[in-house]
Chemist: 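Next up is a structure, given as structure tokens.
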Amino acid sequence: MKKIIIIPDSFKGTMSSLEICSLTAAVLHQHFPAAQIVTLPIADGGEGSVEAILSSLGGRLIDCTVQGPYGEEMLCRYGIVADGRTAVIEMASCAGLPLVGERRHPGKTTTYGVGQQIADAVMLHGCRRVILGLGGSATNDLGCGAAAALGVVFRTRDGSAFIPTGETLSQISRIETNGLLAELAATEIIAICDIDNPLYGSQGAAYIFGPQKGADPAMVAFLDKQLRAASEVIYHDLGIDIADLPGAGAAGGMGGGMVAFLGAKLQMGIETILDMVSFAEIAKDADLILTGEGKLDQQSLRGKVVVGVGRRAKALGVPVIAIVGDIADGMEAIYVEGITAVMSINRIATSLERARLRSRSDLTSTIDTLCRVLKISNSL
């Protein structure tokens with residue numbers, strides 16, 4: 001083994017991508033001391049995206065005071081990468097589910113603070129490219145709050161301006177975008193996510209993600225109707241049809257909203273991040289790639305980190321081993337996506353709560369076992 005690349009997603013709520021890279025690299029160095037070990041902590045738009053990208057590309061964190069999910073003042077952070085012109089923002093940093101605790105009400109929460117972060121990056125720091133991670137949201141406001149913070153005006157039937165939330169989207173009668181920050185005209189906004197759900201309907205933002213945000217069945221149906229109503233006004237006023245746009249349902253409809261209100265590009269997160277870290281150039285002469293994520297399931301096959309890495313590596317002819325927490329049944333299709341083998345770090349049958357407590361030692365033990373197998377294969 002001359003060159004090994006470590007490029008995992010985080011194990012959500014357990015280990016960060018950066019921590020997984022560090023633990024894995026330490027074991028690899030013990031077994032293959034002469035090998036070049038390259039660590040690329042990444043994420044696909046959700047939790048840990050800023051940390052992962054800055055770790056891979058360099059840069060700095062920016063403190064910013066904005067509105068939280070219920071309009072309360074809060075301090076959050078976003079990143080500016082080493083080029084000085086690219087901002088990386090996680091919408092969950094000020095509109096995420098962990099921020100609301102047990103007070104979950106996707107009809108009342110707002111993404112206004114996300115727009116404030118974008119404004120801060122563009123106006124105060126001169127950024128002309130914004131990577132906006134969509135994931136882990138507590139909201140269902142179609143990104144209207146963020147858009148309002150950036151100058152979009154939403155009006156009711158009587159002409160009054162207001163900031164829509166998930167439960168008031170149907171009150172939008174007119175949308176005015178001529179007040180958008182002038183700097184945004186020269187700013188590329190890329191909204192990244194790891195899902196391809198449409199805006200509304202049985203697979204849309206409300207029905208698929210509403211329950212985890214606190215919506216009961218009646219509220220889910222209500223929120224879905226709100227999204228439908230707002231999308232019709234968007235089509236009428238802006239001439240943009242976001243209803244069936246893949247990924248429009250991300251972050252409570254923010255995926256679609258950013259396309260409609262800000263002209264953002266909506267992309268699968270892993271593809272964007274792999275391009276940013278120059279994965280093809282770094283991996284072309286690798287002997288092995290180790291990737292992973294917390295749970296390998298059917299959602300993974302729709303384009304999350306493991307599959308994204310596998311597809312790119314397959315084109316380069318480099319083998320990939322996925323180290324994951326849990327493996328769902330029926331995952332054989334993963335092997336046609338460039339993945340050579342899959343290993344779970346779970347070494348005993350136990351609850352998720354207990355597994356989290358021992359995840360670090362289980363990871364290092366699994367990597368140790370893998371290295372011993374690799375040594376045997378090299379000697380055969």
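Side chains are part of it too, since the values below use all heavy atoms of this structure and drop only hydrogens, waters and symmetry mates. Just so you know, these numbers come straight off a predicted model, no measurement behind them. Each residue takes its place number in the sequence, starting with 1.
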Chemist: About how many Å separate CG of L169 and SG of C144, when rounded to the nearest 0.5 Å?
Modeler: 5.0 Å
Chemist: To check you understand the geometry: which heavy-atom pair defines the closest contact between A260 and I240, and what is its length?
Modeler: O-CD1, 3.6 Å
Chemist: Spell out, as yes or no, whether a donor-acceptor pair under 3.5 Å connects the side chain of D241 to the backbone of Y235.
Modeler: no
Chemist: Is V259 linked to I189 within one hydrophobic cluster, defined over Ile, Leu, Val, Met, Phe, Trp and Tyr using a side-chain heavy-atom separation of less than 4.5 Å?
Modeler: yes
Chemist: Before you tell me yes or no, could you show the steps for V50 and R77 under side chain to side chain contact (heavy atoms under 4.5 Å, CB included), namely the whole-Å CA-CA distance, both residues' side-chain angles and the distance that decides it to 0.1 Å?
Modeler: CA-CA 9 Å; V50 171; R77 285 180 165 182; over 6 Å; no
Chemist: Okay, side chain of S17, backbone of P8: is any donor-acceptor separation there less than 3.5 Å?
Modeler: yes
Chemist: Step by step, would you call T156 with Q171 a side-chain hydrogen bond (donor to acceptor under 3.5 Å, both in side chains)?
Modeler: CA-CA 6 Å; T156 61; Q171 295 178 26; over 6 Å; no
Chemist: Treating Ile, Leu, Val, Met, Phe, Trp and Tyr as nodes and any side-chain heavy-atom pair under 4.5 angstrom as an edge, say whether M254 and F209 lie in one connected cluster.
Modeler: no
Chemist: Classify the side-chain pair T65/E73 by whether it contains a donor and acceptor separated by less than 3.5 Å.
Modeler: no
Chemist: Within the distance-only criterion (no hydrogens, no angle test), does the side chain of R129 pair as donor or acceptor with the backbone N or O of A87 below 3.5 angstrom?
Modeler: no
Chemist: Check for a donor-acceptor pair, side chain of N140 on one end and backbone N or O of G166 on the other, with a separation under 3.5 Å.
Modeler: no
Chemist: Carefully, step by step, assess Q36 and K2 under the rule side chain to side chain contact (heavy atoms under 4.5 Å, CB included).
Modeler: CA-CA 6 Å; Q36 178 187 3; K2 295 181 179 179; over 6 Å; no
Chemist: For S202, enumerate each residue passing the side chain to side chain donor-acceptor pair (under 3.5 Å) test, keeping only those at least two apart in sequence or located in another chain.
Modeler: none
Chemist: Looking only at non-hydrogen atoms, find the nearest pair between Q298 and D329 and report the distance.
Modeler: NE2-O, 4.2 Å
Chemist: Considering residues, nucleotides and ligands other than H29, do more than 12 of their heavy atoms fall under 6.0 Å from its NE2?
Modeler: yes
Chemist: Do Y70 and Y112 have ring centres separated by under 6.0 Å?
Modeler: no
Chemist: What are the two closest non-hydrogen atoms of I282 and V277, and how far apart are they?
Modeler: CD1-O, 3.2 Å
Chemist: Taking S93 for its side chain and E90 for its backbone only, find out whether a donor-acceptor pair lies under 3.5 Å.
Modeler: yes
Chemist: For C127, is there any backbone N or O sitting under 3.5 Å from a side-chain donor or acceptor partner on H125?
Modeler: no
Chemist: Looking at every heavy atom in both L266 and C193, which two are closest together, and how far apart are they?
Modeler: CD1-SG, 4.3 Å
Chemist: May I have the step-by-step check of salt bridge (Lys or Arg N to Asp or Glu O under 4.0 Å) for D297 and K304, ending in yes or no?
Modeler: CA-CA 10 Å; D297 55 18; K304 298 185 79 171; 5.6 Å; no
Chemist: Identify the two heavy atoms, one from L316 and one from A283, that lie closest to each other, and give their separation to 0.1 Å.
Modeler: CD1-CB, 3.8 Å
Chemist: For the backbone of T139 and the side chain of K213, can you confirm whether one donor and one acceptor N or O come within less than 3.5 Å of each other?
Modeler: yes
Chemist: Is D237 reaching over with its side chain to a backbone N or O of I175, donor-acceptor style, under 3.5 angstrom?
Modeler: yes
Chemist: Knowing that exactly one of E232, Q226, R228 qualifies, which makes a side chain to side chain donor-acceptor pair (under 3.5 Å) with S170?
Modeler: Q226
Chemist: Which heavy atom of I80 sits nearest to which heavy atom of L54, and what is that distance?
Modeler: O-CD2, 3.8 Å
Chemist: Taking atom CZ of R360 as the centre, report whether more than 12 heavy atoms of other residues, nucleotides or ligands fall under 6.0 Å from it.
Modeler: yes
Chemist: Any salt bridge linking D9 with K295? Criterion: basic side-chain nitrogen under 4.0 Å from a carboxylate oxygen.
Modeler: no
Chemist: Apply the test side-chain hydrogen bond (donor to acceptor under 3.5 Å, both in side chains) to residues T165 and D141: give CA-CA distance (whole Å), side-chain angles for both, the deciding distance (0.1 Å), then the verdict.
Modeler: CA-CA 5 Å; T165 60; D141 73 346; over 6 Å; no
Chemist: Judged by modelled atom types alone, do T86 and D83 share a side-chain donor-acceptor pair under 3.5 Å?
Modeler: yes
Chemist: Kindly write out the residues that satisfy salt bridge (Lys or Arg N to Asp or Glu O under 4.0 Å) with R104, not counting sequence neighbours, or none if the list is empty.
Modeler: none
